[in-house]
Undergrad: 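Starting off with a structure, shown below.
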Amino acid sequence: MWWVPLHADPYTTTVPVLALVTVGTVGSAILLGLGVAAFVRRQSRSYLLVALALAALFARSAVAALSVAGAIDLQAHHLLEHALDVVLAALVVAAVYHARSVRPARSETDD
Amino acid sequence: MTDTRTQLREHVHANPGRHFSALTRALDLAPGQVQYHLRKLERRDAVVAQELYGKTHYYPPAFDPWERRALALLRRETARDVLLVLLDAGPARPATVAEEVGIARSTLSYHTDRLVEQGLVAKRTDNGSMRLAVTRPTATAKLLDEIAPSLPERLVDRFTRLVDDLLEPAG
């Protein structure tokens, strides 16, 4: 691969990459925890979709971490990351769409 | 071992209404260990357990059943905000409360349902419109003063506010 300089092996972990992957994984794990706790509390389909979207976000970080560790090769890494982008976008769109279609039916407080 | 039990008893007394997993986290103990000592403490009437919405909360024996249920709900920031508005303004319509607290109607209805179920808030109808009212204002104000939600509790509460806000059609 002529465009990759020899010393820039994609698996060589530089300090900034390691720092970004670590912070990203911790951050998305916290978000996933919040999403799951909120779903457990509310038990609605919208909250399930939001929790699943956050799980996809966390999976993205996990793929990055596994790539840094060398457990996933570059090609699989790209395929997984972009597939997870599609899943994430679809889940958020579904959550928004679902909220819009059910909310009017369940306004049980006044007016 | 006895130290752990004393520590656990003191923690429950200092933080009435904490649930099982929060105790495990706060004291950095194994769940089995916490369970064992809590059972011993319960048997000696040093702590009282109360199950609420799938979670077991622990209290010093001094609290009566109403106070125990109230304490569990008062650990939720939004429920507190709703009660503060009602204590301040007196009986109010749900639309007014949602606006005052700055939350979506779905957020309010979730919290109101639980506050009504546990006897903290009552729904009253006068002149054909429904109003929410605090059932025991003095006792509620005293308990609100006594406890504060922890950081994870606050975060989950704010997360649901945000999601409700984002998903709810405006108006």
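So you know, we letter chains A, B, ... as the sequences are listed, proteins then strands, and number each from 1.
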Undergrad: Is it possible for you to say whether Leu34(A) and Leu49(A) belong to one hydrophobic cluster, with membership spreading through side-chain heavy-atom contacts below 4.5 Å?
TA: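 Yes.
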Undergrad: Let me check something: do Val85(B) and Leu120(B) share a hydrophobic cluster, defined by ILVMFWY side-chain heavy atoms less than 4.5 Å apart, either directly or through other members?
TA: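 In one cluster with Val85(B): Leu120(B), yes.
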Undergrad: Kindly check if the number of other-residue, nucleotide or ligand heavy atoms within 6.0 Å of CD (Glu42(B)) is above 12?
TA: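 Yes - once you tally the heavy atoms of other residues, nucleotides and ligands closer than 6.0 Å, there are more than 12.
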Undergrad: Determine whether Asp164(B) and Arg42(A) make a side-chain contact, defined as any pair of heavy atoms from C-beta on separated by less than 4.5 Å.
TA: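 They are in contact (side-chain heavy atoms under 4.5 Å apart), so the answer is yes.
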Undergrad: Nearest 0.5 Å please: distance from the NZ atom of Lys55(B) over to the CZ atom of Arg41(A).
TA: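 It comes to 7.0 Å.
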Undergrad: Can Leu27(B) be reached from Leu41(B) by stepping across I, L, V, M, F, W or Y side chains whose heavy atoms are under 4.5 Å apart?
TA: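 Cluster IDs for Leu41(B) and Leu27(B) match.
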Undergrad: Membership question, hydrophobic clusters at under 4.5 Å side-chain separation (ILVMFWY): are Phe63(B) and Leu38(B) in the same one?
TA: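 Hydrophobic grouping puts Leu38(B) apart from Phe63(B).
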Undergrad: Does Leu8(B) share a hydrophobic cluster with Tyr36(B), counting links as ILVMFWY side-chain heavy atoms below 4.5 Å and allowing steps through other members?
TA: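 Different clusters.
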Undergrad: Can you tell me how far the OH atom of Tyr97(A) sits from the CG atom of Leu167(B), to the nearest 0.5 Å?
TA: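 Here the interatomic distance stands at 14.5 Å.
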Undergrad: So, Tyr47(A) side chain and Val163(B) main chain: donor-acceptor pair closer than 3.5 Å or not?
TA: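 Not a single qualifying donor-acceptor pair exists.
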Undergrad: Side chain, backbone, both or neither: which part of Thr125(B) has a heavy atom under 4.5 Å from chain A?
TA: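 Interface part for Thr125(B): neither.
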Undergrad: With side chains defined as the heavy atoms from C-beta onward, is the minimum distance between Val50(A) and Phe159(B) less than 4.5 Å?
TA: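 Of all side-chain heavy-atom pairs linking Phe159(B) with Val50(A), at least one is under 4.5 Å.
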Undergrad: Side chain, backbone, both or neither: which part of Arg131(B) has an atom under 4.5 Å from a heavy atom of chain A?
TA: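 The answer is neither part of Arg131(B).
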Undergrad: Could you tell me which non-hydrogen atom of Ala38(A) sits nearest to which non-hydrogen atom of Val156(B), and how far apart they are?
TA: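 So the minimum-distance heavy-atom pair works out to N-CG1, 4.2 Å.
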Undergrad: Are Tyr53(B) and Val40(A) packed together at the side-chain level, in the sense that at least one heavy-atom pair is separated by less than 4.5 angstrom?
TA: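 A side-chain contact is absent here, since even the closest heavy-atom pair is not under 4.5 Å.
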